[in-house]
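Have a look at the structure below before the remarks.
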Amino acid sequence: MFRIHNTMTRRKEEFQPLHEGLVTLYSCGPTVYDFPHIGNLRTFLWSDLLVRALRRRGFEVHNVMNVTDVDDKTIAGAEREGMSLGEYTAKYADYFFEDLETLRIQPAWKYPRATEHIGQMLDVIRTLVDKGHAYEQDGSVYFDISSYPNYGRLSGVVPDEHTSREFGRLDSDEYELEDARDFALWKAAGPGEPSWDSPWGPGRPGWHIECTAMAIEYLGETIDMHLGGVDLVFPHHENEIAQSEAATGTQFVRFWIHPEHLIVEGEKMSKSKGNFYTLRDLLERGYDPVAVRHLLMTAHYRKQLNFTLDGLEQSRQALARLWDFADRVAEVPEDAEGVDLSAQVHAALTKFDAGLDDDLNIPGAMAAVFELVRGVNPLLSEARVGAEGRQVLDFLADADTVLGIIDHEKGSVDAEVDALMAEREAARGDKDWARADEIRDELLAQGIVIEDTPTGPRWRRGEWGVSEPHVVRSDACSHASAVVVAGVQATHGQECPCH
RNA sequence: GGCGGCAUGGCCAAGAGGCUAAGGCGGCGGUCUGCAAAACCGCUAUUCACCGGUUCGAGUCCGGUUGCCGCCUCCA
């Protein structure tokens with residue numbers, strides 16, 4: 001039984017989809033005007049984890065994430081970089097998709113672009129005007145909040161004239177509105193701005209209407225889940241509800257899910273504070289993207305995550321433990337005799353599922369994985385794990401369909417390393433410790449750690465997460481050429497001018 | 001100013017009133033090892049920001065105080 005917190009009711013509720021076996025999920029996606037920062041990515045990651053958890057529960061999931069490619073920022077950005085709006089947004093959309101892939105975020109079912117759904121938006125706006133929920137003024141169309149009595153139910157925020165005036169919305173708005181709270185569904189084109197034809201003259205859609213139109217287009221008038229960062233609760237999601245339900249006359253969203261923001265070193269992330277990170281920034285510092293993924297999911301989604309470089313280091317160590325464990329289990333010979341592990345694996349699986357089902361408690365689920373690691377590790381050391389180790393590997397693979405952090409490449413060593421290891425074994429046989437240690441040091445310098453176990457020596461990477469050279473795709477950023485070799489921090493430490 | 005959220009060991013972080021307060025990282029001691037490494041064991045929170053209250057019983061519920069964060073304005 002899957003339970004999830006619903007912002008509308010402010011409590012955890014048992015989830016069942018409207019249509020048996022199929023979950024419809026709409027997640028607010030990026031506005032493609034800049035590189036995604038780690039805060040953006042955390043929200044997208046939680047959307048990914050939700051989808052993965054639902055799929056593991058046996059549901060088919062139709063998840064849609066919009067790409068906002070027309071608004072004030074994209075228009076201004078295209079102007080600044082001397083590109084067309086289409087070229088400009090395509091460039092940043094590519095960066096967005098690259099980052100998702102780097103973080104092992106599975107592709108959504110659909111990624112609709114706002115500019116490709118202008119017709120559907122105009123349909124909704126026309127319906128709202130016809131039904132008396134919206135009005136035209138000077139070529140723009142506004143939603144009449146007073147026509148929708150339930151406004152404010154999601155956020156608890158009901159702006160009144162006093163609030164609006166205090167924050168200058170009246171002054172800053174060049175239009176004369178009947179009600180200061182009303183928001184734009186359609187904006188009349190300004191000079192030189194990209195525009196589309198409409199019954200009210202050339203213009204472009206307001207931000208809120210895009211989600212309504214595209215959600216209805218792909219998922220229907222009532223969707224099971226809608227996810228977005230907490231900052232979107234008001235006014236974005238509040239406005240979505242108002243315009244959607246006013247247009248369709250039926251419930252728009254059954255479950256509202258809002259991941260909290262992350263903060264950096266205890267403070268809100270902002271460019272002016274110098275604590276603003278993109279994924280690329282972290283990769284250039286030599287961190288493994290999987291460590292970033294791990295760190296972003298260490299705190300429950302409804303709690304703020306304090307993102308620190310020290311935390312990234314902790315994640316790196318935790319992954320090293322996990323990966324080395326998985327390798328050691330995988331290295332057990334097929335025909336080895338061993339003890340029964342089914343009870344331990346079953347306990348881990350039970351606790352793992354309980355975590356996922358309880359409002360997506362990934363930290364709790366992850367604890368189940370580590371408890372199994374601690375339970376099986378001593379058996380490995382004593383060579384008491386046999387063919388039953390397969391159960392452990394199956395569990396890890398199963399858990400990883402949600403977590404997405406366990407799968408990794410161990411890589412291989414070349415013949416020269418093999419030869420050195422053999423030579424070292426021979427030296428040890430002769431009790432030539434000096435030569436044996438010399439070889440071990442030599443391999444260590446190459447980033448390869450040798451461990452002597454009861455069943456013979458084994459090798460592993462010395463610095464999981466920083467030893468692999470990681471080159472950001474050259475077309476993504478011509479300055480990003482950071483290469484980290486064998487656990488040695490990159491010397492390329494300059495800020496990229498393009499960031 | 002209005003509204004909302006959070007405060008758990010050195011760090012990160014679970015914990016829908018009641019077994020000895022998960023898990024990860026780090027530190028110290030030990031076992032194992034030719035020495036290491038890894039792994040494991042023990043120690044590192046008689047206590048959950050502070051003050052009251054409800055209850056047989058509260059980290060978990062209520063009120064207050066302090067601190068931090070967020071929304072109210074573009075924002076994941």
Side-chain angles (χ1 to χ4, degrees), chain A residues 3 5 7 10-12 27-31 33-34 36-47 71-73 76 152 155-160 162-164 166-169 172 207 227-236 258-263 266-270 294-295 298-300 302-308 310-322 324-325 328 351 355 358-359 361-371 373-382 428 431-434 436-437 440-441 444 449-454 457-460 462:
Chain A
R3 295 169 63 81
H5 183 272
T7 308
R10 310 216 173 245
R11 64 186 58 180
K12 294 182 196 175
S27 297
C28 283
T31 300
Y33 70 101
D34 200 352
H37 61 246
I38 52 173
N40 297 320
L41 292 170
R42 171 158 129 114
T43 301
F44 304 146
L45 172 62
W46 279 107
S47 179
D71 77 324
D72 292 342
K73 278 181 293 204
S155 60
V157 176
V158 182
D160 55 19
H162 175 72
T163 319
S164 300
E166 193 174 337
F167 283 88
R169 204 189 291 182
S172 66
W207 173 44
L227 180 148
V230 277
D231 55 303
L232 298 185
V233 173
F234 187 88
H236 185 52
H258 292 104
E260 253 294 349
H261 282 184
L262 65 72
I263 55 179
E267 290 187 303
K268 180 177 181 173
M269 179 168 65
S270 72
H294 177 270
L295 176 56
T298 51
H300 185 85
R302 283 191 292 111
K303 290 184 86 171
Q304 290 178 340
L305 168 76
N306 186 16
F307 187 98
T308 65
D310 182 53
L312 250 190
E313 187 59 33
Q314 294 185 11
S315 285
R316 206 171 63 72
Q317 293 297 344
L319 286 180
R321 176 174 163 88
L322 210 46
D324 201 39
F325 171 75
R328 293 213 294 158
K351 180 168 175 175
D358 181 18
D359 197 24
N361 186 351
I362 297 285
M366 209 126 61
V369 175
F370 278 98
E371 278 169 17
V373 171
R374 201 185 53 212
V376 174
N377 253 328
L379 301 174
L380 281 168
S381 298
E382 297 163 14
R428 291 183 70 219
K431 296 196 188 299
D432 181 359
W433 310 126
D437 292 350
R440 190 166 61 195
D441 290 344
L444 186 60
V449 176
I450 300 301
E451 297 173 356
D452 297 318
T453 76
R458 70 183 290 269
W459 65 272
R460 65 181 171 84

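Keep in mind it's a predicted model, so treat the numbers as computed, not measured.
- Residues A/Leu322 and A/Met366 are not in side-chain contact: their nearest non-hydrogen atoms beyond the backbone lie 4.5 Å or more apart.
- Here, B/G15 and B/G24 have their C1' atoms 15 Å apart, quoted to the whole Å.
- Legend: residues meeting salt bridge (charged side-chain N to carboxylate O under 4.0 Å, His left out) with A/Asp71, ordered by chain and number and at least two apart, are absent.
- A/Glu260 has its CD atom 9 Å from the P atom of B/C71, to the nearest Å.
- The separation of B/U55 from B/A49, taken at their C1' atoms, amounts to 23 Å, rounded to a whole angstrom.
- Between A/Lys268 and A/Thr308, the residue anchored nearer the 5' end of RNA chain B, judged by the nucleotide with its closest heavy atom, is A/Thr308.
- Comparing the P positions of B/G63 and B/C3 gives a spacing of 14 Å, expressed to the nearest Å.
- Contact annotation: A/Lys303 side-chain N/O to B/C68 OP1/OP2 distance is not under 4.0 Å.
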Requested in this report: Check step by step if side-chain contact (heavy atoms from CB on, under 4.5 Å) holds for A/His294 and A/Gln314.
Outcome: CA-CA 10 Å; A/His294 177 270; A/Gln314 294 185 11; over 6 Å; no

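- Residues satisfying the salt bridge (charged side-chain N to carboxylate O under 4.0 Å, His left out) criterion with A/Glu451, sequence neighbours excluded, are A/Arg458, A/Arg460.
- Regarding contacts with the backbone of B/C40, a side-chain N or O of A/Asn377 is found under 4.0 angstrom from either OP1 or OP2.
- Base pairing analysis places B/A21 opposite nothing; no Watson-Crick or G-U wobble pair with both distances below 3.5 Å involves it.
- As judged by a 4.0 angstrom heavy-atom cut-off over every strand, A/Trp207 is placed among residues touching the sugar-phosphate backbone only.
- Taking the C1' atoms as reference points, B/C12 lies 14 Å from B/A22, given to the whole Å.
- Within 4.0 Å (heavy atoms only), A/Gly311 reaches no atom of the nucleic acid at all.
- If you take atom P in B/C41 and the same atom in B/C32, they sit 16 Å apart, rounded to whole Å.
- When the nucleotides B/C72, B/G70, B/A13 are ranked by their closest atom to the side chain of A/Gln304, B/G70 comes out on top.
- Atom CG in A/Leu312 sits about 13 Å away from atom P in B/A13, given to the nearest Å.
- Side-chain atoms of A/Arg3 and base atoms of B/A16 include a donor and an acceptor less than 3.5 Å apart.
- The nucleotide B/U65 finds its pairing partner in B/A49, both defining distances of the Watson-Crick or G-U wobble pair being shorter than 3.5 Å.
- The separation between A/Asn40 atom CG and B/C74 atom C1' is 13 Å, rounded to whole Å.
- Residues A/Asp71 and A/Lys12 both approach RNA chain B. Their nearest nucleotides, taken by heavy-atom distance, put A/Lys12 toward the 5′ side.
- Residue contacts shown for A/Ile450 include a base, since a base heavy atom lies under 4.0 Å away.
- Here the C1' atom of nucleotide B/G70 and the CG atom of A/Leu232 are 13 Å apart, to the nearest Å.
- Looking at heavy-atom distances under 4.0 Å, A/Leu295 makes no contact with the nucleic acid at all.
- In this structure the side chain of A/Asp359 reaches within 4.5 angstrom of the side chain of A/Arg302, judged on heavy atoms.
- Of all nucleotides present, only B/G70 satisfies the Watson-Crick or G-U wobble test against B/C3, with each distance under 3.5 Å.
- With P as the reference atom, B/G52 and B/G17 are 25 Å apart, rounded to whole Å.
- The distance from atom CD1 of A/Ile263 to atom P of B/C75 is 21 Å, rounded to the nearest whole Å.
- A salt bridge links A/Lys12 to A/Asp358: at least one charged side-chain nitrogen sits closer than 4.0 Å to a carboxylate oxygen.
- Using Watson-Crick or G-U wobble geometry with both donor-acceptor distances under 3.5 Å, B/C40 finds its partner in B/G30.
- You'll find that the side chain of A/Arg328 is closest to B/A39, out of B/C72, B/A39, B/A76.
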Requested in this report: Quick one: do A/Leu305 and A/Glu260 satisfy side-chain contact (heavy atoms from CB on, under 4.5 Å)? Show the steps, please.
Outcome: CA-CA 8 Å; A/Leu305 168 76; A/Glu260 253 294 349; over 6 Å; no

Report summary line: With B for base contact, S for sugar-phosphate-only contact and - for none (protein heavy atoms under 4.0 Å), nucleotides 23-34 of chain B reads SBBS-------B

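- Going from atom CG of A/Asp72 over to atom P of B/U73 covers 16 Å, rounded to whole Å.
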Report task. Mind running salt bridge (charged side-chain N to carboxylate O under 4.0 Å, His left out) on A/Arg316 and A/Glu313 for me, showing each step along the way? Result -> CA-CA 5 Å; A/Arg316 206 171 63 72; A/Glu313 187 59 33; 2.6 Å; yes

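- Rounded to a whole angstrom, the distance from the P atom of B/A21 to that of B/G9 is 15 Å.
- Among the atoms of the strands shown, none is found under 4.0 Å from any heavy atom of A/Arg458.
- Residues A/Arg328 and A/Asn377 meet the side-chain proximity criterion, which asks for heavy atoms closer than 4.5 Å.
- The distance from atom CG of A/Asp34 to atom NZ of A/Lys73, rounded to the nearest 0.5 Å, is 9.5 Å.
- Using a 5.5 Å limit on the distance between ring centres and a 30° limit on the angle between planes, the aromatic ring of A/His300 does not count as stacked on the six-membered base ring of B/A13.
- For B/G70 and B/A76, the C1' atoms lie 13 Å apart once the distance is rounded to whole Å.
- For the pair A/Tyr33 OH and B/C75 P, the interatomic distance rounds to 9 Å; values are reported in whole Å.
- Protein atom CG of A/Leu305 is 10 Å distant from nucleotide atom P of B/C12, rounded to whole Å.
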